[in-house]
Amino acid sequence: MPKDFNQLNFKEKQIYLDKLRHSSAHVLAEAVIKLFPKAKLTIGPPIEDGFYYDFDVQNAFTPKDLKKIEQEMRRIINQDTDFIEREVTRDEAMLSVKDNQFKIEILESIPKNEKITLCSHSNGNFEDLCRGGHVDKTGDIKALKLMSTSGAYWRGDEKNPMLQRIYGTAWESKESLDNYLNRRQEAKKRDHRKLGRDLDLFFFDDLSPASPYFLPKGTIILNELYKYVRELYEKYDYKEVVTPQIFDTELWKLSGHYSNYSENMYFVKQDEKEHGVKPMNCPAAAMLYKSKSHSYRDLPLRLADFGRLHRYERSGVTHGLTRVRTFTQDDAHIFCTVNQIGIEIKSFLDMLSESYKTFGFNEFRLALSTRPEKKVGDDKIWDNAESILKEVLDKFSSDFTIEDGEGAFYGPKIDVFVPDAIGREWQLGTIQLDFSLPDKFDLEYTSQDGTRTNCVVIHRAMLGSMERFLGVLIEHLSADFPLWLTPVQSIIIPITDKHNEYCNLINVKLKNAGIRSEIDKSNERMNAKIRQAQLKKIPYMIIIGDKELENQTISIRSRTQKNSDVISIIDFIINIKEEIKLRTL
RNA sequence: GCCUCGGUGGCGCAGUGGCUAGCGCAGCUGAUUUGUAAUCAGCCGGUCGUCGGUUCGAAUCCGACCCGAGGCUCCA
């Protein structure tokens, strides 16, 4: 560690850690070569919190190998030799990697005018083609741990050979490493898959892989989410519709999904005809729009559809609630004129940030994706659309990224990303312009001058997949749901069973007030009941004993506050209803 | 899809060729009637992911398949 590491600012620390991790990757490479002389080196960059190195080897590394490799790395680090970079000619570099097709490929991809450097440590015993950027000595790697192995395709392309990757983490001090490992432990506790089971929210089963079953408690949360979105729809002037689930393949041929998306679709045969289960709502929305003729006066028309979607996802990519094969979205399609695009997008982003704030997602990332190579519509339309999106984004947020060429073939889009507990980012909201759908489905309106004009379609989802949103939300809140969302809002705990009757009375009052309340009449001591309630993350515990019965009061213990308040049932109901209504976080 | 690891009662785990496969939690029954995070006791529950093979004998070894976990363009 540089003496003044703690004096460095955030950016400088990052730069130092990158060097440290990149250096660690070199040490890893040396250790692997020493233990597995036939291994071929490929690339070994620093990543967030660590580094990896991809090797071309016969057999995959086992956990035992990992231990041995780590030991060898320790030895190299203890030797505390200097990292040395030297510039070489292209020919010299080529000679040094002549047996390694991967390095040759890398070398060939380096622009002609760029310098070529080799880096070494261990007194020159190990040398690797490398752009540079190391710590001074191997001994500067103060804390290190190999984390895992995995297969990884060369350059990430599954057509390429698969390499074996080793992930590691490296830090400037032992404390930082411990800190990091602790953080991972904590994040694991927030894993929505675990919490979902523990709190009886949902489960999965082999007979319908990657398809969640929502238990009553999970369903309450989902329904509260729908309810909230519907309230916003009211406010922002959307109309909700319900559309079919399964369509004659004709529709998917018309929409283009049959040729572009069929590998992600489920098909069923009935009456000698092929039908596709919908993976998206848009064709149905288009049919709905077409069911009557429209005037410019009808626009913008915002049609919301919570339709259930099915998408076949490859077996290796599904993940808890965040990547499933069947889900619903708070999906809507906005049919509008070209001139209305800007204002519609602005209004949507307003609604989106209003809702994200309600959930405590104060930091989300916006990404604008622009025209890809394969696209419909001429450049003029795209120029216009992209500049509208940029303009809205500029006004809306100082901080968004532009992903060139990442747009859908039918139009540019803005995606909203939110990180989960372990730092993985998930796309939640999205807003996409579509120049293709109106054309394919003849979505027209009669304009002021009586001519028929194609409208513009905007696809948009705010929370995105409701299932994914719930998954990310569970991790974000550690399942400490705000009162309005939580399945059981209060639990009444009688101290002995002679208090049961009074508890029944309170429960009826709470239920009449629309509060989701339960009584714990189990044959347990109060302490155990409190523990249960805490573990189930129930916001309010109502403790009832002799005192409460006598004074006709209740004792409140909240999940965050041990000390209980003794208040009247009326006051409690007033407070709790206010908290629900305001959707207090 | 591909690579590695894994799959034992509802959940979390132990058990690596040999007696009726264990433990904790949960569930059920009984006793206890207790003031802010676990009362005690008893009972129920498993063809060890599925199918096939090796073996006198398989949860344990081998193969296939299913499911899950961590990864699979953060570039010398």
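In what follows, chains carry the letters A, B, and so on, assigned in the order in which the sequence lines appear, proteins first and then strands, with residues in each chain numbered from 1.
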Of the listed nucleotides ([options]), which one gets closest to any side-chain atom of [X]?
X       : options                   : result
I543(A) : rC75(B), rA38(B), rG35(B) : rG35(B)
S555(A) : rU4(B), rG35(B), rC72(B)  : rG35(B)
R197(A) : rC3(B), rC11(B), rG1(B)   : rC11(B)
I530(A) : rG70(B), rU39(B), rA37(B) : rA37(B)
E548(A) : rG70(B), rG35(B), rG1(B)  : rG35(B)
R531(A) : rU33(B), rA37(B), rU39(B) : rA37(B)

With the threshold set at 4.0 Å, does a side-chain nitrogen-carboxylate oxygen contact exist between [X] and [Y]?
X       : Y       : value
R314(A) : E158(A) : yes
R155(A) : D157(A) : no
K189(A) : E186(A) : yes
K115(A) : E85(A)  : no
R131(A) : E114(A) : no

Between [atom2] on [N] and [atom1] on [X], what's the gap in Å once rounded to a whole number?
X       : N       : atom1 : atom2 : answer
M526(A) : rU34(B) : CE    : P     : 12 Å
R323(A) : rG71(B) : CZ    : P     : 14 Å
R155(A) : rC2(B)  : CZ    : C1'   : 19 Å
R525(A) : rA37(B) : CZ    : C1'   : 11 Å
K536(A) : rU36(B) : NZ    : P     : 23 Å
I43(A)  : rC74(B) : CD1   : C1'   : 9 Å
I538(A) : rA37(B) : CD1   : P     : 15 Å
Q532(A) : rA38(B) : CD    : P     : 11 Å

So [X], base contact, sugar-phosphate only, or nothing? Heavy-atom distance under 4.0 Å.
X       : value
K103(A) : sugar-phosphate
S109(A) : nothing
R131(A) : base
F102(A) : nothing

Distance below 4.0 Å between [X] side-chain N/O and [N] OP1 or OP2:
X       : N       : result
Y52(A)  : rC74(B) : yes
Y53(A)  : rC75(B) : no
R314(A) : rC72(B) : no
Y167(A) : rC72(B) : yes
R557(A) : rA37(B) : yes

State the pairing partner of [N]; accept Watson-Crick or G-U wobble contacts with both distances under 3.5 Å, and report none otherwise.
N       : value
rU33(B) : none
rG22(B) : rC13(B)
rU73(B) : none
rA59(B) : none
rG68(B) : rC5(B)

N/O donor-acceptor pair, side chain [X] with base [N], under 3.5 angstrom:
X       : N       : answer
S150(A) : rU4(B)  : no
Y153(A) : rG71(B) : no
E313(A) : rG1(B)  : no
D497(A) : rU33(B) : yes
N527(A) : rU34(B) : no

Output a table of nitrogen or oxygen pairs between the protein and nucleotides 66-69 of chain B separated by less than 3.5 Å.
| unit_1 | atom_1 | unit_2 | atom_2 | d |
| --- | --- | --- | --- | --- |
| rC67(B) | O2' | D206(A) | OD1 | 2.7 |
| rA69(B) | OP1 | R193(A) | NH1 | 3.1 |
| rA69(B) | O3' | R193(A) | NH1 | 3.4 |

How far apart are the C-alpha atoms of D140(A) and S23(A), what are their side-chain angles, what is the distance that settles it, and do they pass the side chain to side chain contact (heavy atoms under 4.5 Å, CB included) test? CA-CA 9 Å; D140(A) 288 339; S23(A) 307; over 6 Å; no

Pairs in or reaching into residues 20-35 of chain A: which pass salt bridge (Lys or Arg N to Asp or Glu O under 4.0 Å), with residues at least two apart or in two chains?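 Counting only pairs at least two positions apart or across chains, the salt bridge (Lys or Arg N to Asp or Glu O under 4.0 Å) contacts touching residues 20-35 of chain A are K34(A)-E72(A).
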
Could you give the distance separating rU29(B) and rC66(B) at their C1' atoms, to the nearest angstrom?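 Roughly 39 Å separates the two C1' atoms.
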
Please tell me which of Q534(A) and L163(A) maps to the more 5' nucleotide of RNA chain B, matching each residue to the nucleotide holding its nearest heavy atom.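 So the residue in question is L163(A).
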
Taking the nucleotide of RNA chain B with the closest heavy atom to each, which residue, E524(A) or Y312(A), is nearer the 5' end?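 Closer to the 5' end of RNA chain B: Y312(A).
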
Donor on one side chain, acceptor on other, H26(A) and H121(A), under 3.5 Å: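 Side chains of H26(A) and H121(A): no pair found under 3.5 Å.
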
Show your working on side chain to side chain contact (heavy atoms under 4.5 Å, CB included) between E475(A) and V472(A) and close with a plain yes or no. CA-CA 5 Å; E475(A) 304 202 354; V472(A) 175; 5.9 Å; no

Among W171(A), F5(A), F10(A), which residue meets the ring-ring contact (aromatic ring centres under 6.0 Å, His included) test with Y16(A)?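 Considering W171(A), F5(A), F10(A), a ring-ring contact (aromatic ring centres under 6.0 Å, His included) with Y16(A) is found only for F5(A).
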
